[in-house]
Structure formats: C-alpha cells, structure tokens
Peer 1: 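Submitted below is the structure of interest, expressed as structure tokens.
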Amino acid sequence: NSLSQQGVLCRRYVTVMSWWEEERYPEGIKWKFLEHKGPVFAPPYEPLPENVKFYYDGKVMKLSTKAEEVATFFAKMLDHEYTTKEIFRKNFFKDWRKEMTSEEKSTITSLSKCDFTHMSQYFKAQTEARKQMSKEEKQKIKEENERLLKEYGYCVMDNHKERIANFKIEPPGLFRGRGNHPKMGMLKRRIMPEDIIINCSKDSKVPPPPPGHKWKEVRHDNKVTWLVSWTENIQGSIKYIMLNPSSRIKGEKDWQKYETARRLKKCVDKIRNQYREDWKSKEMKVRQRAVALYFIDKLALRAGNEKEEGETADTVGCCSLRVEHIKLHPELDGQEYVVEFDFLGKDSIRYYNKVPVEKRVFKNLQLFMENKQPEDDLFDRLNTSILNKHLQDLMEGLTAKVFRTYNASITLQQQLKELTNPDDNIPAKILSYNRANRAVAILCNHQRAPPKTFEKSMMNLQSKIDAKKEQLADARRELKSAKADAKVRRDEKSKNKKKAVQRIEEQLMKLEVQATDREENKQIALSTSKLNYLDPRISVAWCKKWGIPIEKIYNKTQREKFAWAIDMAEEDYEF
DNA sequence: AACGATACTTAGGACGCAGCGA
DNA sequence: TCGCTGCGTCCTAAGTATCGTT
C-alpha cells in the first residue's frame, strides 16, 4: 500500500509490543503521526431509466435530476409505516420542494397527488435481481468492497496501522430519527469534499480531494482523535470519522474507563453514606442532587442532559425527569414507599419500573413534586453539570456515567460468582454466564424488539425437544429389555444401550438449556452491555478459571476490541 | 449560570450471509 | 441441494461530558 515512508518506517521499528505495553502519551496529546487516505464518498446519483415513471395527479411527469433523486428516497421507503406519518410527509415535502425547478414547484403542490409506486416497484425488482445474482457477480462485488477497505479502511497512527471504523461518508437520504422525532422525513443532504475537514499530521501525506474539488480545510490537531469531520444538516451537529475499537486510541480509553470505575469501587460506600446524609440537607439543591444520585446509583439511570425542545424526540434521563414520569405509592402490593417510573429514555426506549425506596427518598420526592404541574422538572434545582461538578469533588474523574459502568461490572462479577456451578458442563456454565450478562442488561434497560421470527423459532425448538424426549424414552425401553436379557446372557449390548441413553440425555439437556436461554432473552439485548459496560477482564478471568474457550463468550470482533484484556487478565482478576 | 460548540461513547435496527438441518 | 435462521456487520442516531465565551 502507498502509505508514506514515515508510517512504514515507524511500523518497522515496533513489531512485537502491543499498545498496552507501550508508554502512554502526556495528557491531551493523542498522537504524533497520523496519515490516512481521506473518506470514501457516496456513489453519485444514477438517474432512473426512461421507462420508470413518476405520476402526478394521475399524469406522467418527468422530474429534473435533483427532484428525481429526492423522490427516489421516498419511493424506497414506501413500505415503511412512517411514510404515512403526518410529520414525516410534511418535512419530506418541504425539503423536496427545495430541490425542484420552479416549474416543478408550481405543478407539484400536494404530496398526496404524487404516485411513487412505479418507482418503488422498480427498486424492489432491483433488490430481487441483486439477490438472484450469480456467485461470480457476488464475488466481484465482494472483491471491490475488499479493495476499498484495503485502500481507505486503514490509517497509520504513530507506530501502528489501524483500522478505521467508518471511512465511508453517510449517503444522502431521508432522515429517520428514533421514536417520535420532529425532524423525521427531512432531507439529509449529500456531503461534498467542500464540506470536509481533514485532520492529519503535518509530516504526513495529505489525502488529495477528488479531482476538481477542494477540502473545506486541512488541519493538524493532535489533541483530537478524528481523521475527518463534517457538519450534518439535520441537527447541525458534527460527524466524525474515527478509528475502530481495536485501535490503540480507543482501547486505551476503554481500559481507562474501567480503571475509573474500579476507583469508584473503592469509595462508593463513602459516597453512598454521603448522599444518604444529603437527603436531610436544609438546602433543596443538595437534597435533589442526593436523590438523583441515588437513582443513578441504584437504578443505573443515565445522567439526563437538557435537550433543545422541538429539535429531538422527547426523551429524558435522571436529571431531566419530569413530574409526569413518576408515580408515588405509599403502599403497593404489600411494599411500602414504591416509586413507579414510566418514561422514554435514550433511543425512545421505555423505562418502566416499580421500585421500593427508602422513606426519606419518598418524602423528598413528595416535597419536590409539591405545587408542580406534570410537565415541570422533578429536579428543578439540578442539572447534569451541577451533578457532575459535585461528583468531581468526590472523586477525580467521577461523572454520572461511571456509576453505570461500575454497577454493570460489579453486578456481572457478583452474578458470575453466584451462578457458576463448578460441576456444570461447559454449555451449562455458558448459560450461567449469559444469565449474569442478562442481569446487567436488565439493570441497564437494554431492550430489543422481539425477533420477528421468535414465536416460530421457539416452536421449532420445542418440537425438537419433544422429539428428543421420545427418542430418550425409546432408548430407555431398549436399555431395560437389554438388561433383562443380560441376566441370562452377558454381552456388550446393554453397555452400548446405556451409552446411547446417556448421549441422548445430554443432547436433550443441551436443547433445553438453549430453549431457556432464548426464552429469557426475548426482549433483552445482551450485546450493548457486553460491548460497553462490562470490564472484559472479568469475563476473561472467568473463562480462564473454568476452562471455557474465550470464543464461546466473545466473537472475533469482540476479541479484537478486547485484545488488551485477553492478554492482561489472569484467572484471579478482581474488578 | 446560560449557551453553543466540540469530541467522544453508547445504542438499536436493518440486512446479508454462513452454516445448519431437512 | 435448498431453504431457513441466527449471528455478525454495518449504519448512524442519540446520548454524555467538557470547554470557552458572555
């Protein structure tokens, strides 16, 4: 590959040491040398063939290229429910009209008179054709992707060739936020080289812009980790191209995150005593801070930054909870002082929980809610910045999110201790691991939509189990009769029958374990906690202790991300 | 203290393909 | 061999946190 001399030379000097064995940079400096090939742009728009028609008010209408492109975005989504939503249609139509010629604008005045069905059929046929492609054609595409990855998918950062996480620029399309997003349907515009800021080191070969184009800017800032950035037009926020989780720069940060959480472990008792004291404070702000922190600690809630109204879906975290999001029950189902939470969190995922709390917390909540409307802030004297400033005083580097990391990891460690049965075989031990993982996912409220095929696949599994049970019964009968025979005439037969029974029993157990695991996992996503909250060294140590191959717990990508932990952790590692 | 800009982590869903059993 | 399904990868949205300015 054509990465410059310097990168290649640097790499040659360091061949055996992994990044976690190298010296760390001084605070704030992220790298000394950075070279990359720049981003890959979305393929240009290909106009529709002449025979694919768009109809307005029942009549064929030929669209200008720009208007046609945006129309195809809508046509491709026609089967989705959200193209029927008022906000989506309104936002789309407004942005579409901006792309039209003045004649188009004066003709096309109502979205409901637009007929995209022919276009939609065309795209469906294209998808179908792609599926039907021959092996060779598919192979060709695969090779082209690999070539692109090889050329643009890596950079040189200091002594390492590193994988880039997202080297492709996001293609244009219609924005679809999560949940009830006020901007759904808006046009996400095409990003051009003129929008792009390149970041690399001065002594590197700066990537050339595509012919006939210029970069917006080339800068050399080694206080940041990104290679490329641009401003997106929906929220006006900045998007970045950064490195893969397997890279030094991400791995080191990840390691550091867990080390901070481990420092919290050492002082969490003190902090808990402190906030319990603060529940009694005469200052309202201090009480609110203490109750919020209690929720963050006990329930692993997110911090809850303020959001600009009307810019995003209406979701909340701890500090931004409103009165309408909780209900107080002095008594519920035989328990005292129960708080019922019901709100939409990140990604508009519902958080629903009924939690018994200390009397003091309950009384404080009643106080906070006095004379307030449902839409008022529960913690009106508090925000994340106040909370984090306080946390910083309690421990260096402590912020609200550290509690989630800490509680997730400590829960995994405890659960593994509790659930692992030394006498279990490997599949049963892995079930225990998944259950420990699941406890964390439930704590963090990591949900997923039940797979579309869930019921069906569950039934299939059940019928397999039934078949296996019958098979076992047969085998047992045969064993019995073989034993009866053996009284008269000793032979190998009963031994073999016994083995067969054992084998089938084992197979049955494996299936049953699988069924349990799948049922319990119906609406729970394990991967998010595994990837972001659980100190990988806990899992590595557990695998070493019980002789479980690491591949059973982490797939290839995960092993790459956690290579540092796999290398470092011994079986006696304690979080 | 409020605000806007910036940088970075965390998140669920779509989709495609490998591997498995019929 | 074929069809299904479950897993992994890709995608990019949506959070957290901090900093400088007013």
Peer 1: Quick check on DNA chain B: between Cys444(A) and Asp221(A), whose nearest nucleotide comes earlier from the 5' end?
Peer 2: Asp221(A)

Peer 1: Counting only side-chain heavy atoms from C-beta out, which of dA17(C), dA7(B), dG12(B) sits nearest to Val224(A)?
Peer 2: dA7(B)

Peer 1: Which is more 5' along DNA chain C, the nucleotide nearest Gly179(A) or the one nearest Thr399(A)? Just name the residue.
Peer 2: Gly179(A)

Peer 1: Among dA7(B), dA17(C), dG12(B), which nucleotide sits nearest the side chain of Asp347(A)?
Peer 2: dG12(B)

Peer 1: Rounded to whole angstrom units, what separation is found between the NE2 atom of His80(A) and the C1' atom of dA14(B)?
Peer 2: 8 Å

Peer 1: Please report whether the ring centroid of Tyr82(A) lies less than 6.0 Å from that of Phe88(A).
Peer 2: yes

Peer 1: Would you indicate what Gly317(A) reaches in the nucleic acid, counting non-hydrogen atoms under 4.0 angstrom: base, sugar-phosphate, or nothing?
Peer 2: nothing

Peer 1: Would you indicate which nucleotide in dT9(B), dA13(C), dG15(C) comes nearest to any side-chain atom of Lys307(A)?
Peer 2: dG15(C)

Peer 1: Within the structure shown, what part of the strands sits under 4.0 Å from Tyr533(A) by heavy-atom distance: base, sugar-phosphate, or nothing?
Peer 2: sugar-phosphate

Peer 1: Relative to each other, are the rings of Phe295(A) and Phe341(A) parallel, tilted or perpendicular (30° and 60° limits)?
Peer 2: perpendicular

Peer 1: So which nucleotide from dA17(C), dA13(C), dG13(B) ends up closest to the side chain of Lys188(A)?
Peer 2: dA13(C)

Peer 1: Over how many whole Å does the gap from Ile241(A) atom CD1 to dC8(B) atom P extend?
Peer 2: 14 Å

Peer 1: Regarding Glu151(A) and Arg147(A), does a basic nitrogen lie under 4.0 Å from an acidic carboxylate oxygen?
Peer 2: yes

Peer 1: Choosing from dT9(C), dA17(C), dA7(B), which nucleotide comes nearest the side chain of Asn555(A)?
Peer 2: dT9(C)

Peer 1: Centroid-to-centroid, His36(A) to Phe167(A), below 6.0 Å?
Peer 2: no

Peer 1: So does Thr225(A) get a side-chain nitrogen or oxygen closer than 4.0 Å to the phosphate oxygens (OP1/OP2) of dC8(B)?
Peer 2: yes

Peer 1: At under 4.0 Å between heavy atoms, what does Ser237(A) touch on the DNA or RNA strands: base, sugar-phosphate, or nothing?
Peer 2: nothing

Peer 1: Figure out the NZ/C1' separation between Lys253(A) and dA7(B), and round it to whole Å.
Peer 2: 8 Å

Peer 1: Could you work out which one of dC11(C), dT18(C), dT9(B) sits closest to the side chain of Lys168(A)?
Peer 2: dC11(C)

Peer 1: On DNA chain B, nearest-nucleotide positions of Arg178(A) versus Met242(A): which is more 5'?
Peer 2: Met242(A)

Peer 1: Among dA7(B), dT9(C), dA13(C), which is the nearest nucleotide to the side chain of Thr557(A)?
Peer 2: dT9(C)

Peer 1: Check this one for me: any side-chain N or O of Ser527(A) less than 4.0 Å away from OP1 or OP2 of dG12(B)?
Peer 2: no

Peer 1: Categorize Lys131(A) for me: base, sugar-phosphate, or nothing, with a 4.0 angstrom heavy-atom threshold over every strand shown.
Peer 2: nothing

Peer 1: Give a yes or no answer on whether the side chain of Trp215(A) reaches the backbone of Pro207(A) with a donor-acceptor pair at less than 3.5 Å.
Peer 2: yes

Peer 1: Which is true for Lys142(A) with a 4.0 Å heavy-atom rule: it touches a base, it touches only sugar-phosphate, or it touches nothing?
Peer 2: sugar-phosphate

Peer 1: Using a 4.0 Å heavy-atom cut-off across all strands, classify Pro245(A) as base, sugar-phosphate, or nothing.
Peer 2: nothing

Peer 1: Under 4.0 Å: is that the gap between some side-chain N or O of Ser348(A) and OP1 or OP2 of dA14(C)?
Peer 2: no

Peer 1: Heavy atoms under 4.0 Å, any strand shown: does Lys346(A) hit a base, just sugar-phosphate, or nothing?
Peer 2: base

Peer 1: Report the distance from atom NZ of Lys257(A) to atom P of dA7(B), rounded to the nearest whole Å.
Peer 2: 21 Å

Peer 1: Taking the cut-offs as 6.0 angstrom to the six-membered ring centre and 45 degrees off its axis, would you call Arg24(A) and Trp255(A) a cation-pi pair?
Peer 2: yes

Peer 1: Reckon Arg219(A) has a side-chain N or O less than 4.0 Å from the OP1 or OP2 of dT6(B)?
Peer 2: no

Peer 1: Please pick, from dA14(C), dC10(C), dT16(C), the nucleotide with the shortest atom-to-atom distance to any side-chain atom of Lys401(A).
Peer 2: dT16(C)

Peer 1: Report which part of the nucleic acid Arg302(A) touches: base, sugar-phosphate, or nothing (heavy-atom distance under 4.0 Å, all strands).
Peer 2: sugar-phosphate

Peer 1: Looking at His181(A), does any N or O in its side chain come under 4.0 Å of the phosphate oxygens OP1/OP2 on dA14(C)?
Peer 2: yes

Peer 1: What is the separation between atom CD on Gln523(A) and atom C1' on dG12(B), rounded to the nearest whole Å?
Peer 2: 14 Å

Peer 1: dG13(B) C1' sits how many Å from Gln447(A) CD, rounded?
Peer 2: 14 Å

Peer 1: Distance check needed: dA5(B) P versus Ile197(A) CD1, whole Å only.
Peer 2: 14 Å

Peer 1: For Lys183(A), which contact category applies under a 4.0 Å heavy-atom criterion: base, sugar-phosphate, or nothing?
Peer 2: nothing

Peer 1: When you get a sec, tell me which of dT9(B), dT12(C), dT18(C) is the closest nucleotide to the side chain of Lys250(A)?
Peer 2: dT9(B)

Peer 1: Among dT18(C), dA13(C), dT6(B), which nucleotide sits nearest the side chain of Lys239(A)?
Peer 2: dA13(C)

Peer 1: Give a yes or no on whether a salt bridge exists between Lys124(A) and Glu128(A), defined as a side-chain N under 4.0 angstrom from a carboxylate O.
Peer 2: no

Peer 1: Start at the 5' end of DNA chain C and walk down; is the nucleotide closest to Arg163(A) or to Asn388(A) reached first?
Peer 2: Arg163(A)

Peer 1: With sugar-phosphate meaning primed atoms plus P, OP1 and OP2, does Ala313(A) contact a base, only sugar-phosphate, or nothing at under 4.0 Å between heavy atoms?
Peer 2: nothing

Peer 1: Nearest whole Å is fine: how far is dG8(C) P from Glu560(A) CD?
Peer 2: 13 Å

Peer 1: I want to check one thing: is the phosphate of dG15(C), taken as OP1 and OP2, less than 4.0 Å away from some side-chain N or O of Asn305(A)?
Peer 2: no

Peer 1: Assess whether a salt bridge exists between Glu69(A) and Arg190(A), defined as any Lys/Arg side-chain N lying under 4.0 Å from an Asp/Glu carboxylate O.
Peer 2: yes

